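In this text, all values refer to a predicted model and were calculated from it rather than measured experimentally.
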Amino acid sequence: MILHGYWRSGASYRVRIALALKGIGYDLAAHDLRTGEQKAPDYLALNPQGMVPALQTGDRVLIQSPAILEWLEETHPSPPLLPSAADDRAAVRAMCALIGCDIHPLNNLRVLKALRADFAADQAAVNAWAAAWIAPGFDALQALVDRHGADWCFGDAPTLADCYLIPQLYSARRFDMDLSPWPHLLAVEARAQAHPAFEAAHPDRQPDAD
């Protein structure tokens, strides 16, 4: 497998966590989003959207982290990152979508670049923009973790929800957010910090980190 990614990409980070949890080895192809390497012709030939991550496996290229994560779950089911019961799987997928659809897209790099270029936003304005979308999402997620979580976002073992949460907490800190209002989320993060799979996937541990 070849994972096309970028060390600080939240979507790449969540895929790295899942690969590490499942013990799947891969080669890394790094694309620096700051310099536009993801728009190079050879990469666009693999992923016409020109975004990361993309996962090459055999003769196929998988794009979009939700699809990649679901594919990993279906093709490498052990250890499972989704619960066995349909209702429980829906609850985990809802947590994933809360982050992946409603929080993360509004504070990724291309949106922040547009804020700076099109609206002359300085760093304080960018931080305020990010916090305006992250905070209500974390409010809802904290309630869901309180309802469904034990040691992790759902139950007592890592799931796809944790693969989404940990990168979003990392991102929130980059915007200087005070995370103390969400102790349940921080408790999950503390457990993740002691887990070797989450440690291995951390941005600072990636070979393209600077």
State whether the side chain of [X] and the backbone N or O of [Y] hold a donor-acceptor pair below 3.5 Å, judged by distance alone.
X    : Y    : value
T75  : W71  : yes
E37  : D32  : yes
Q168 : Y164 : no
E189 : I166 : no
D208 : W7   : yes

Shortest non-hydrogen separation from [X] to [Y] and the atoms involved:
X    : Y    : answer
L44  : G50  : CD2-CA, 3.5 Å
D162 : A157 : OD2-O, 4.1 Å
L33  : Q38  : CA-OE1, 3.4 Å
I2   : A29  : CG2-CB, 3.9 Å
A131 : P136 : O-CD, 4.1 Å
G10  : P167 : O-CB, 3.7 Å

With D139 via side-chain contact (heavy atoms from CB on, under 4.5 Å) - residues at least two apart: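 By the side-chain contact (heavy atoms from CB on, under 4.5 Å) rule, D139 matches W182.
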
field: Qualifying residues under side-chain contact (heavy atoms from CB on, under 4.5 Å), relative to R8, sequence neighbours excluded
entry: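 R8 satisfies side-chain contact (heavy atoms from CB on, under 4.5 Å) with Y6, R34, Y170, R174 only.
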
Within the 4.5 Å heavy-atom criterion, are [X] and [Y] side-chain neighbours or not?
X    : Y    : result
Q56  : M1   : no
L185 : L179 : no
S9   : L109 : no
I134 : N107 : yes
H4   : L55  : no

Could you pull out all donor-acceptor pairs under 3.5 Å where a side-chain atom in residues 79-105 meets a protein atom, sequence neighbours excluded?
from : atom 1 : to  : atom 2 : distance (Å)
R89  : NH1    : S84 : O      : 2.5
R93  : NE     : E70 : OE2    : 3.0
R93  : NH2    : E70 : OE1    : 3.2

Between Q49 and Q64: side-chain donor-acceptor atoms closer than 3.5 Å: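 A pair is found: one side chain offers a donor N or O, the other an acceptor, under 3.5 Å apart.
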
message: What I want to check is whether the side chains of N127 and Q123 have a donor and an acceptor closer together than 3.5 Å.
response: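 There is such a pair between these side chains.
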
- request: Applying side chain to side chain contact (heavy atoms under 4.5 Å, CB included), run through H202 and R205 and close with a yes or a no.
  value: CA-CA 5 Å; H202 192 279; R205 299 288 300 274; 4.2 Å; yes

query: Counting only heavy atoms not in R116, do more than 12 sit closer than 6.0 Å to its CZ atom?
result: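 It does: R116 CZ has more than 12 such atoms within range.
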
task: Flag yes if more than 12 heavy atoms outside D210 fall under 6.0 Å of its CG atom; otherwise flag no.
output: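 Count over threshold, so yes.
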
To the nearest 0.5 Å, what is the distance between [atom1] ([X]) and [atom2] ([Y])?
X    : Y    : atom1 : atom2 : result
I17  : Y13  : CD1   : OH    : 5.0 Å
N47  : D42  : CG    : CG    : 12.0 Å
Q206 : L28  : CD    : CG    : 7.0 Å
C153 : L141 : SG    : CG    : 5.5 Å
L3   : T57  : CG    : OG1   : 11.5 Å
L46  : R60  : CG    : CZ    : 14.5 Å

task: Answer with yes or no after comparing the ring centroid distance for W152 and F198 against a 6.0 Å cut-off, counting only values under it.
output: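 So the answer is yes for these two rings.
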
message: If hydrophobic clusters are built by linking Ile, Leu, Val, Met, Phe, Trp and Tyr wherever their side-chain heavy atoms come under 4.5 Å apart, do M51 and Y43 end up in the same one?
response: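 M51 and Y43: separate clusters.
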
field: Evaluation steps, side chain to side chain contact (heavy atoms under 4.5 Å, CB included), between K22 and E73
entry: CA-CA 9 Å; K22 290 181 176 292; E73 185 69 1; 2.8 Å; yes

- request: I would like to know whether V126 and F119 meet side chain to side chain contact (heavy atoms under 4.5 Å, CB included); could you show each step before the answer?
  value: CA-CA 10 Å; V126 167; F119 301 100; over 6 Å; no

